[in-house]
A.B. asks: 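After the C-alpha cells below, expect a handful of questions from me.
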Amino acid sequence: MEANGYQKQVMEIYQFINDHLYFNRPDIEIKGERYNSAILFSLLTGLLKGKELIIGEPGLGKTTSAEFVCSVVYQFPLGVIWGSEVSGHPEQTEEKIIGRPDLGKLNRGEEDVVWTNFSQIPVKIVDEINRLPETKQSMILDGVDRGNWEYLNEMIINDEYCLFATANYQDGGTNTIIAPLVDRFDGMVESRYPGANLSFLIGKMRRKDHILRHPKFEKELYRVLKSKITYEKKIPKIEEICNAFGDYIQEALNVKPLQRQDRDQIRSDMERLELDLDASAFTRMILTELSFCDVYGQKRIVENCEEGCHYTGYLCHQIKNCASNRLPTSIRLYGQGLAWLLGDSEIDIEHVKSILPYTLSHRIQWKDEVLSQKERAKRDDPFPIFLAKEAVKMVSQRYREQSEHLKDALAIGSKIFQGESLEPLEGDHPLYVEIKKDVNARRS
Amino acid sequence: MKTVHPQKKSLIDSVDSRPWATKNPFEEFKTFTFQKTDIPLDQIIQSNEIVMDRIRWGYEKLLEEEAKELVWMVQYNTIIKAYEVAEKYIKEIDYSAEDIEDFCFALENTHRVPYLIPGPAGVYISALCNYAKEEEIVLKLSELKTEINLIGFRLPKGKRLSVEGDTGDFTGIGLEGGELVVEGNAKNWTGAGMRSGKIVVKKNIGLHTGEWMMGGEIYVGGRVRGLGNIVEGRVFEREKLIYPGKVRYPNLYY
C-alpha cells in the first residue's frame with residue numbers, strides 16, 4: 001500500500017493520545033509492534049465509521065478515551081461532545097436521545113422536530129448503555145445500525161458517523177444488552193487499569209481535558225446545532241467550525257487532526273484493501289465453526305447439540321448462537337483499517353487474527369459448561385475477550401494444519417462454479433461440508 | 001432526445017441482476033493453483049495403518065506358529081510358548097497404547113483380522129501392553145462384544161493397565177508387579193499364578209480366583225464367586241479381607 005502520509009498522521013494522533021491524554025499500558029502486539037487496544041480500536045472505529053463497545057470498571061477511562069479520540073479525529077471540542085452524549089439510565093426517553101417536537105411551532109399548530117445534538121453530530125457516545133432498560137435499547141437500534149434517526153414523521157440520516165458505547169460490568173443497576181444491539185457493535189475492547197504507577201501519575205496530574213476544550217468554538221457549534229435550518233445545511237457550517245478548531249489544535253498541541261476530506265480519502269484507501277487468500281480461507285474457517293451444525297443444519301440459540309457429534313472438537317460444539325452476517329463485515333472493516341494503518345497492501349491473516357477476538361468476543365454466547373470450565377483460568381483479559389482469543393488460537397492451529405488443503409478445496413469449489421466437472425475435496429472440517437453444500441446448490 | 005445519466009448508469013451496473021446461485025462464493029480462489037497435498041491427518045492415518053498392519057501381521061504369525069489348526073489349549077507351556085513368539089514380533093514394532101485398543105477392535109472385524117482365538121489373542125495383547133512405551137495404558141473395551149482372555153499376563157512392575165469393560169478368563173495371570181484395573185467384571189482364574197502386584201476388579205469376579213498365586217493383592221468391588229488354592233497373597237472383597245481369613249476351601253460360597 002502506497003502510504004500518502006495519512007498513516008503517519010493517524011499514528012501521530014495515536015501517539016498524542018497515548019502520551020498526553022489516555023495513559024495506559026500496551027496490551028496487544030501486532031506484527032511486532034505493541035499498542036494499547038482501547039486507543040487503537042477506538043481510533044480505527046472513528047476512522048472506519050464503526051461501532052464500538054467499551055467495557056471496564058468504573059473510572060478507568062472508557063468514556064474519556066472515546067471522547068479524546070473523537071475530538072481529535074472529528075475536530076469537535078470536548079464541550080460539544082459532552083453536550084451530545086447520551087447517558088444510559090432507566091428514565092431515558094426518545095425525546096432526549098433523538099428529538100422532540102418544536103413546542104413553539106406546535107402551539108401554532110405546526111409539527112416540526114428539534115433534533116438532539118446526539119442525532120446530529122457524527123460523534124455518538126452512549127455512556128453506560130447497559131443501564132438502559134432492554135425495552136429502551138430498541139429505540140436506538142436503527143440509528144446505531146444505519147444512522148437513521150426518526151421522530152414523528154421526520155428523519156435525518158447521518159452520512160458520516162461513528163458510535164461508541166460504554167458498559168460497566170454487571171452490577172445492581174445494569175441490564176443485559178439485547179442480542180440485536182450487541183450484534184450491531186463491530187468490536188468490543190476493555191479500557192483497563194493502567195497499573196498502580198500510571199494510576200498514581202494520573203491522580204497527581206490536573207485534568208487533561210482542558211487541552212481539547214475551546215469555549216468559543218463550542219458556543220458557535222451549539223448555535224449551529226440549535227439553529228432552525230435544515231440538517232443538510234447545517235453540515236457544511238459545522239465542518240467549517242470544526243476545521244477552525246482543528247487548526248487551533250494543530251497550532252496549540254502540534255498534532256494535526258483529520259478534516260472531512262482527509263477522513264474520506266482514508267476510507268477510500270481502506271476500502272480498496274482486500275483479504276489475501278489465507279486471510280479469506282481462515283475467516284471462512286472461523287465463520288463456519290461459529291455457524292455450522294451437523295445435526296440441525298445451522299446453529300440456533302434455541303437448539304442444543306448433544307455429545308457424540310463428529311464435530312464435537314470444533315467451536316460449534318462450544319457455543320449456543322449462530323454468527324450473524326454482520327460479523328464478516330466487521331472483520332473486513334477492521335481488517336482494512338489495521339492493514340491500512342500498518343501500510344500493508346492486503347489484509348493478511350495476522351491482521352485478521354489480531355482483530356478477530358475483539359470482533360467476536362461480544363457476539364459469541366458460550367455454553368455454560370465451557371464457561372464453568374474456563375472461568376478460573378489464569379488470564380489477562382476480561383473473560384469474553386479471553387475466550388475469544390482462545391478460540392482464535394484454536395482455529396489458527398487447525399488452519400496451520402490444513403491451510404493448503406483448505407485453499408485447494410476452495411479453489412476446486414471455484415472451478416466447479418466456473419463449470420468444470422470436478423468433485424469437491426473431502427476434509428475433516430465443517431468448512432468442507434459447507435463447500436459441498438454450495439457446490440450442490442450450484443449443481444441443482 | 002434522451003440522455004443517459006452517467007452516475008445512474010454506473011449505479012445500475014453495480015447491481016448484479018444474476019440469481020445468487022450463479023455467483024461464485026469462491027471467486028478469489030479461482031487463480032489459486034490446486035495441488036494435491038497430503039494433509040497431516042492423512043499422514044497420521046497412513047502411519048497408523050502401517051503400524052496396525054504390522055501388529056496384525058505379528059498376530060497372524062503367532063496363530064501360524066502356535067495354533068496351526070486353529071486349536072489352542074490353555075496350558076502352562078502353551079501360554080509361555082505363545083508369549084515368547086508374540087514377544088519376538090512385537091519387539092520390532094513401534095506402536096502406542098492407542099494402537100493396542102485399535103487392534104482389540106480390529107480382532108472383531110473378520111475383514112481385517114481373519115481369526116479371533118481368545119487365548120492367543122489375549123497373550124498377544126498382553127505382550128503388546130507389556131512392551132508398550134507408555135507406563136499407563138487404558139484400553140476402552142466396553143463396546144467390544146468379545147471378552148478377551150489372559151489380559152494382563154505377566155504385567156511387569158511399573159506398568160498400570162486399566163481396562164474399561166469386562167475381561168474373560170485368566171485375567172492378570174502371572175502378574176509380575178504391575179497394576180491391573182478392570183472397570184467391569186472378570187471371569188474365572190483371575191490372578192492365577194500371580195507373583196506380585198495388584199489386580200482391582202470393580203465389579204464381580206468368577207471361580208478359582210488367585211489359584212496358585214504367590215503374592216500380590218486382588219481387590220474386588222463386587223462379589224467373589226470362588227477362591228482358588230492360594231499360596232500367598234491377599235484377596236479383598238468390598239474392602240474386606242477374605243484371604244487370608246476364614247475361607248479355607250476353594251470355590252465355596254462363604
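Excluded from the calculations below are hydrogen atoms, water molecules and symmetry mates; all remaining heavy atoms, backbone and side chain alike, are included.
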A.B. asks: For A:I416, is it the side chain, the backbone, both or neither that has a heavy atom under 4.5 Å from a heavy atom of chain B?
C.D. replies: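 Contact with chain B involves no heavy atom of A:I416 at all.
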
A.B. asks: Check the pair A:L277, B:F29 against side chain to side chain contact (heavy atoms under 4.5 Å, CB included), reporting the backbone distance first and the verdict last.
C.D. replies: CA-CA 7 Å; A:L277 292 189; B:F29 290 90; 3.9 Å; yes

A.B. asks: Can you tell me if NZ on B:K140 sees more than 12 non-hydrogen neighbours from other groups inside 6.0 Å?
C.D. replies: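 Not more than 12 within 6.0 Å, no.
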
A.B. asks: Near B:E239 CD, under 6.0 Å, is it more than 12 heavy atoms from other residues, nucleotides or ligands?
C.D. replies: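 Open: at most 12 neighbouring heavy atoms sit under 6.0 Å from CD of B:E239.
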
A.B. asks: Under a 4.0 Å threshold between the charged nitrogen and the carboxylate oxygen, would B:E28 count as salt-bridged to A:R284?
C.D. replies: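 Between B:E28 and A:R284 there is a salt bridge, with a charged N closer than 4.0 Å to a carboxylate O.
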
A.B. asks: Does atom NZ of B:K157 have more than 12 heavy-atom neighbours from other groups under 6.0 Å away?
C.D. replies: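 No, the 6.0 Å shell around NZ holds no more than 12 heavy atoms from other groups.
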
A.B. asks: Got more than 12 heavy atoms from elsewhere within 6.0 Å of CD, B:E135?
C.D. replies: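 No, CD of B:E135 has 12 or fewer neighbouring heavy atoms, counting only those of other groups under 6.0 Å.
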
A.B. asks: Mind checking the CZ-NZ spacing from A:F417 to B:K23? Nearest 0.5 Å is all I need.
C.D. replies: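 Here the interatomic distance stands at 11.5 Å.
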
A.B. asks: Would you check, one step at a time, whether the test side chain to side chain contact (heavy atoms under 4.5 Å, CB included) holds for A:Q418 with B:F26?
C.D. replies: CA-CA 10 Å; A:Q418 286 170 304; B:F26 316 108; over 6 Å; no

A.B. asks: Is A:K437 atom NZ crowded by more than 12 heavy atoms from other residues, nucleotides or ligands, each under 6.0 Å away?
C.D. replies: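 Above 12, so yes.
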
